[in-house]
Structures are given as C-alpha cells and as structure tokens.
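This report concerns only the one structure given below.
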Amino acid sequence: MDLGLKGKRAVVTGGSKGIGRAVAEGFAAEGASVSICARTADEVAAAVASLKAKGVKAFGRALDVADGPALTAWITSTAGELGGIDALVCNVSALAVGDSADTWEKRFAPT
C-alpha cells in the first residue's frame, strides 16, 4: 500500500513493542524515517535495528515520557537526526505518568 509517507519523518512514543511498535514498523514499511522512545533500552535498540533493516533512517532513546526535560531533549534530538518531524504518534500508556490517585488527579487538574 502506498500511503504517501516515503521520505516523511515520524515520531512514535512507546514504540518498542505492541501497538507502538506496529505503528513504527508501518511507517518504516511505507518509507518514512522513524524515531521511537520507550522505557527499556534493550527493547528500544532492538526496535531501532528492526526499523533500520527496512532501509529507513531510525533513531530511538530510552526514557520515561513523564520526565519532561528528557522528553524535550529526545524530541529536539529527533528533529536534528531526522531533519524535522512530520508526524507524531503519542502511544504511551496513561499509567506511564503514575498510577496513584494523586498522580491521576494531577493529570486532570488545571494548572
């Protein structure tokens, strides 16, 4: 299938396994460069290797998206590595930012 993604640059959070990995692999299969993040370095490395094997530019970093400075640094690095960003898929679990009643409430409270 040609979705017109060849040469585009995609970012997928939570892209090392499951739905996020399938999305990242789908972008790569269409010829898009892909950057992923996830919390486990070994899983990120394996996913990036698989993406590169499809002949596209791929980049990844292990991080927790709840860490704002780390997330910002990865997005900045990704834009530099890929030459920009055309698509962003936010695929991390809502529980990635904490699963206590306090963290849940903070996610929805106005700032």
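Please read these numbers as outputs of a predicted model, since none were measured by experiment. All values below come from the heavy atoms of this structure, side chains included, with hydrogens, waters and symmetry mates left out.
- Salt bridge annotation for Glu81-Lys57: absent, with no cationic side-chain nitrogen under 4.0 angstrom from a carboxylate oxygen.
- When all heavy atoms are compared, the tightest approach of Arg61 to Ser77 is NH2-OG, 3.2 Å.
- Nearest heavy-atom pair, Arg21 versus Ser50, reported as atom, atom and distance to 0.1 Å: NH2-CB, 3.3 Å.
- Residues Val12 and Val44 are members of one and the same hydrophobic cluster, defined by side-chain heavy-atom contacts under 4.5 angstrom among Ile, Leu, Val, Met, Phe, Trp and Tyr.
- Linking ILVMFWY residues whenever their side-chain heavy atoms come closer than 4.5 Å, directly or via other members, leaves Leu82 and Leu51 in distinct clusters.
- Annotation: Ile19, atom CD1; neighbour count of heavy atoms from other residues, nucleotides and ligands within 6.0 Å does not exceed 12.
- Panel note: side chain Thr72, backbone Gly68; a donor-acceptor pair is recorded below 3.5 Å.
- Partners of Asp86 under the salt bridge (charged side-chain N to carboxylate O under 4.0 Å, His left out) rule, at least two apart in sequence or in another chain, are Arg9.
- Residues Val48 and Val89 share a hydrophobic cluster, clusters being chains of Ile/Leu/Val/Met/Phe/Trp/Tyr side chains in contact below 4.5 Å.
- Taking all atoms of both residues into account, the shortest heavy-atom contact from Ala58 to Lys52 is O-CE, 3.2 Å.
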Using residues 30-37 as the side-chain source, report each donor-acceptor pair under 3.5 Å to any protein atom, sequence neighbours left out, with the distance given to one decimal.
unit_1 : atom_1 : unit_2 : atom_2 : d
Glu30  : OE1    : Leu3   : N      : 2.8
Ser35  : OG     : Phe59  : O      : 3.4
Ser35  : OG     : Trp74  : NE1    : 3.2
Ser35  : OG     : Thr78  : OG1    : 2.7

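- Across all their heavy atoms, Ser16 and Ala47 have their closest contact at CA-CB, 4.0 Å.
- Within the model, atoms CG of Leu71 and OG1 of Thr13 stand 8.0 Å from one another, a figure rounded to the nearest 0.5 Å.
- One hydrophobic cluster, built from ILVMFWY side chains closer than 4.5 Å, cannot hold both Val23 and Val56; they sit in different ones.
- Atoms CG and CG, from Asp67 and Asp64 in turn, are 6.5 Å apart once rounded to the nearest 0.5 Å.
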